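Values below: every heavy atom of this structure, side chains too, minus hydrogens, waters and symmetry copies. Chain letters run A, B, ... following the sequence lines, proteins first, then strands; residues in each count from 1. Note that the structure is predicted; figures quoted are calculated from it, not measured.
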Amino acid sequence: MLARADALLARHRGTGSARALPAAAALLTDAIDTSSADIPTLTDIAFAPALQPVPAHVKSAGAQAPGETVVVSEGRWASSPAPEPAPPVEVISRVQAQNLEHTVYLKLKQELDERIAEVVHERFMPEIGVALDHALQKVTHDLNASVGALVRSSIEETLQLQIGKLRLALEDEVRREEAVAAIPSAIIPAFPAPQARPAEMEIAKSFEPAAIEAHWYPVWEESGFFRAGLDESNPGNHCILLPPPNVTGTLHMGHAFQHTLMDALVRYHRMRGYNTLWQPGTDHAGIATQIVVERQLEALGVSRRDIGRAEFEKRVWQWKEASGSTITRQMRRLGASCDWSRERFTMDEGLSGVVTEAFVRLHEEGLIYRGKRLVNWDPVLQTAVSDLEVESREENSHLWYIRYPLASGEGHAIVATTRPETMLGDVAVAVNPEDPAYKDIVGSRVVLPLCGRQVPVIADDYVDPEFGTGCVKITPAHDFNDYQVGERHKLEPINIFTLDARINDNAPAAYRGLDRFEARARILADLEEQGLLAETKPHKLMVPRCGRTDAVVEPMLTDQWFVRMDSLARAGLDAVARGEVKFVPENWTTTYNQWLNNIQDWCISRQLWWGHRIPAWYDGEGNVYVARTRAEAQAQHDQALAECIQAGESATATELRQDDDVLDTWFSSALWPFSTLDWPRDNPALRLYLPSSVLVTGFDIIFFWVARMVMMTLHFTGKVPFREVYVTGLVRDAEGQKMSKSKGNILDPLDLVDGVSVESLVEKRTANLMDPRQAESIARTTRKHFPEGIPAFGTDALRFTFASLASHGRDIKFDLSRCDGYRNFCNKLWNASRFVLMNCAGRDTGVDDSLAVELSAADRWVASRLHRAADDARAAFREYRFDNLARAIYGLVWDEYCDWYVELAKVQLATGSEAQQRGTRRTLVRVLEAILRLTHPVMPFITEELWQKIAPLAARGGPSIMLQRYPETGAAKIDEAAEQEVDMLKRLTTACRTLRSEMNVAPSQKLPLLVQAGQTQITPYVPYLSALARLSEVVVVAELPVAEAPVSIVGDCRLMLKVEIDVAAERARLNKEKARTEAEIGKSESRLANPNFLGKAPAPVVLQETERLARFRATLEQLEQQLRKLA
RNA sequence: GGGCGGUUAACUCAGCGGUAGAGUGCUAUCCUCACACGGUAGAAGUCACUGGUUCGAUCCCAGUACCGCCCACCA
């Protein structure tokens, strides 16, 4: 039993390996199932005869918070789960029989609490039971007074707590077990169990992404392809910091979008041979995470204060362990090529060390200070929050006009206020010095209603005579503006609120203990009754609420830690002004500058339990010692003490107590660019990857994070954290609404990858709503928008969609139909590859250079187009224009390679010479192979799968496409002549097809074509034209016959399709064409007739216009000729 | 109050001084041996409005209207 217990304890201390969990959990369950018989009752314990001495470590349990579960094992402390014991009714009654004095009772209670907690685990640790017995025995022996009903309830309370905690522990255990069971292995936790992939060379008729994704990601990761490049001789390096998501969070559309872009950038630079690092990690997200865990506790009827700080922290860590990998698993599903071996967590030992180091240094430099200031206070969480975490919303309220009688007894001043309850803390009434209405009363005193205090009437510019009555009450302790007025006039603030925003003892007795909202109602009623409420007007005002809890934020005078911002902000502004950090799009620079120019000191302390504890210690006299460790603080204290004694002052040594507060989450985030690179230790990664290349993020955290990283990184390392900041738009729903849980319009990116039924979608959207009443309407709109649920698009299609939507300076309305289109695109690429494999696998693809290869204009054309696309792609990456990247790829693959080249290649393969066929296969294969490399950064999975099959045909190959070079650009490969030739062919083909279509010729019917060519050499086009336009023959004639057949004009060629026509219809068609041409001619002529145009427009523009006119005129003539023939 | 965006085809968006483009949708037609998640052809726009600059404005400038966001905030 002991061994089992130790195993459990070891795990709870975090020393057990993840793999050991299921086994240990099984042990626990086992123990619970079978061992209820050997759980001792309290009776057994309290009156057991054992009399062994209490071990020293058991005594120290008194330092634990009441109700803390404590287990002793080998001198170490750890909380532990255990089953629920039966309530010890007999014990209570027997103890009750005793008589006990109050102080003694307290001592007993405390000890009992501890003992009861221990007893619960007694079956693991018999010796504890023994120690406990002894303690109880001793207590019983010492006491001869009885314990009253108080004791009974106290014991019951303790037991309840214990029971609650045990239930928690058990549930947690089960959850963890499930979570672990769901993870097949540590390295590939992200994908469903791999399905069988199609065998080599066999290729499915359509693209099925799931198996391919599940296969390739683990291969890449296990092969170490994501690892940071650390070659210091490599001149190129590219680093992206992952904005660390909340460790307990899940991936949302915004993440998926940004991660897609980051991954594309990293893969692109990796393929270009750069040293690359995509630094992943997660954030402990202080408030957010604490709230989640508190809610869990709440559901079980326990508060964090009940279980104590240490236990609470442990629970958060457990929650982190259990859910912390969710988001990284999801990232893997999206193909993120982060260097997972470098994954960091802001509360890691290393990063925590950096946090302490940074804090201490800033403090030493005088940039961190502690002081009593008015801060934004969340009375629900009971912590300070920073300005940025406060979100103001307009709400309907009232403006109340209150009479303040003059102390002289004659008349009164009327103040207008939106917060009457704060009047209890008024210290003055203020008017504008220029306001004639109040000139006389400045300097006199008024009587504060309900309080009876007299306060002065002061004059201050802050008061706007036009608003309200032009007379303002001044409450420095509860309003930021009033605080400043108070400082100017040396008025002592009167705080009237407790930390949970109830009226405190500084206020008249009648209001004490009232909640601020109750107090408002009571005060208004009382004022009304006394005839002091002059007027009530409806009024809209901005109510500040906490971004996390939605509680109305209260300005509160408290002791807090601050970072002095002026010098840091100036450095941050300078770095951007010098261009060391660039924003893309540029206009975000303005936002950044504006914020830094108006910045206030940053309140970094939070009265929370989850976060980096502030490295400051206090002695008994309240002196503060900021130090890296307790020992260092102790040394400072000792020295100060010695100095005092030396100076002949009296001083006593006291035990140091660490500051209870933790740091704002964003403090550690601000250090992310160098803390993740193991600063301050010099190492290759730090040398190579600071500054990083680009930060990809949304504008919403420019203030929270971007600006602070710039300031901190500059301060500590002298370098900027990143050279560019690419600010993406926000992903919104199809109606342009921000996606949020409460709106019920969230989409899980993985649902787009895997597909989801409408039922599960509704379930997901309506689960755990803050306001369950919304469930019905959310369900309704969801069913309306997704009547069929969402089909599986696959990761590549989703990524391509994100890329195509990533234009600059615009939010993204996420439109599912785009996914549809790009899923189809994947299929197109897949089938083009299938075609190439069918025609080239096992055939001569021109790998052997000694054999003759003949390349047609079509072959040269497609190669030329490929190089243009590669140019465009590189430009797109350079400018972060992923939409352009997507367009370039899409157009190349679909419009050029598939629609034209593959069709032309079919002709060449069917009719060409051996050398031509060889050239065709070579081109088919090589261009496709390059297309795959070109596309890989955006669509990693499908390109890898296809490349593995295609590359060998192009005499390439390797373990992965991601290690191949990105296609090179090269003006040499641009072939203008071939492009013109194919362009002509395309126009001829389209003209024929249009004629066919307009004449309603069945696709299966082949027709002869007569061509009257001008200068154009038509012969080379004939085979292609015949196939593409389904012609039975092409006859070149000197003059088209006078026949009743449709004619089309392309350049200097006239095409006649030999088909019987309706003369009237054909005339109508030609007339329509003629009208269009004449309109163009008209526009062109008037332009060219304008002397100003001829005189001022640049020559090439004039030339272009002249040529255009000539072309139209030629066409017009042909059309007229044809019309005459039909006459 | 200060600042930043947006307004282009039915929808979602590119273009940003010189012939209005894409995807989706729509119409017609075709299961032609890579692909019906497809082929072919087609219809569809006074580029919000008003002025200005210019030989020329969807594009530049100014203003108006509407939509959206950020910051600050008058009690």
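- A donor N or O paired with an acceptor N or O is found under 3.5 Å between the base of B:rU19 and the side-chain atoms of A:Arg1108.
- Salt-bridge annotation for A:Glu1105 and A:Arg1087: present, with a side-chain N of the basic residue lying under 4.0 Å from a carboxylate O of the acidic one.
- Pairing partner, B:rA22: B:rU12, with both Watson-Crick or wobble hydrogen-bond distances short of 3.5 Å.
- Here, B:rC60 and B:rC4 have their P atoms 16 Å apart, quoted to the whole Å.
- Nucleotide B:rG1: paired with B:rC71 (Watson-Crick or G-U wobble, both distances less than 3.5 Å).
- Out of B:rC70, B:rG18, B:rA41, the shortest distance to the side chain of A:Phe703 is found at B:rC70.
- Across all strands shown, B:rA44 has no partner, as no Watson-Crick or G-U wobble contact with both distances under 3.5 Å is found.
- Listed nucleotides B:rC69, B:rA41, B:rC55 differ in distance to A:Arg732; the shortest reach to its side chain belongs to B:rC69.
- Nucleotides B:rA36 and B:rG42 are separated by 23 Å at their P atoms, to the nearest Å.
- Between A:Lys1083 and A:Glu1078 there is no salt bridge, since no side-chain N of the basic residue sits under 4.0 Å from a carboxylate O of the acidic one.
- Each of A:Asn1090 and A:Val463 was matched to the nucleotide of RNA chain B holding its nearest heavy atom; the match closer to the 5' end belongs to A:Asn1090.
- At a cut-off of 3.5 Å, with distance as the only test, a side-chain donor of A:Tyr1024 or A:Gln908 sits close to an acceptor on the other residue.
- In this structure, A:Trp595 places its CH2 atom 10 Å from P of B:rA72, rounding to the nearest Å.
- Candidate nucleotides B:rU12, B:rG18, B:rC70 were compared by shortest atom distance to the side chain of A:Leu805, and B:rU12 ranks first.
- Rounded to whole Å, the C1' atom of B:rA75 lies 33 Å from the corresponding atom of B:rG5.
- Only the P atoms considered, B:rU7 is 13 Å distant from B:rC49, to the nearest whole Å.
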| task | Sugar-phosphate atoms are those with a prime plus P, OP1 and OP2; base atoms are the rest. Using that split, label each nucleotide of nucleotides 30-37 of chain B B, S or - for protein heavy atoms under 4.0 Å, 5' to 3'. | result | S---BBSB

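- In terms of phosphate contacts, A:Arg993 brings a side-chain nitrogen or oxygen within less than 4.0 Å of OP1 or OP2 of B:rA41.
- Of the N and O atoms on the side chains of A:Tyr404 and A:Asp426, at least one donor lies less than 3.5 Å from an acceptor on the other residue.
- If you check B:rA62 for Watson-Crick or wobble pairing at under 3.5 angstrom, you find it paired to B:rU50.
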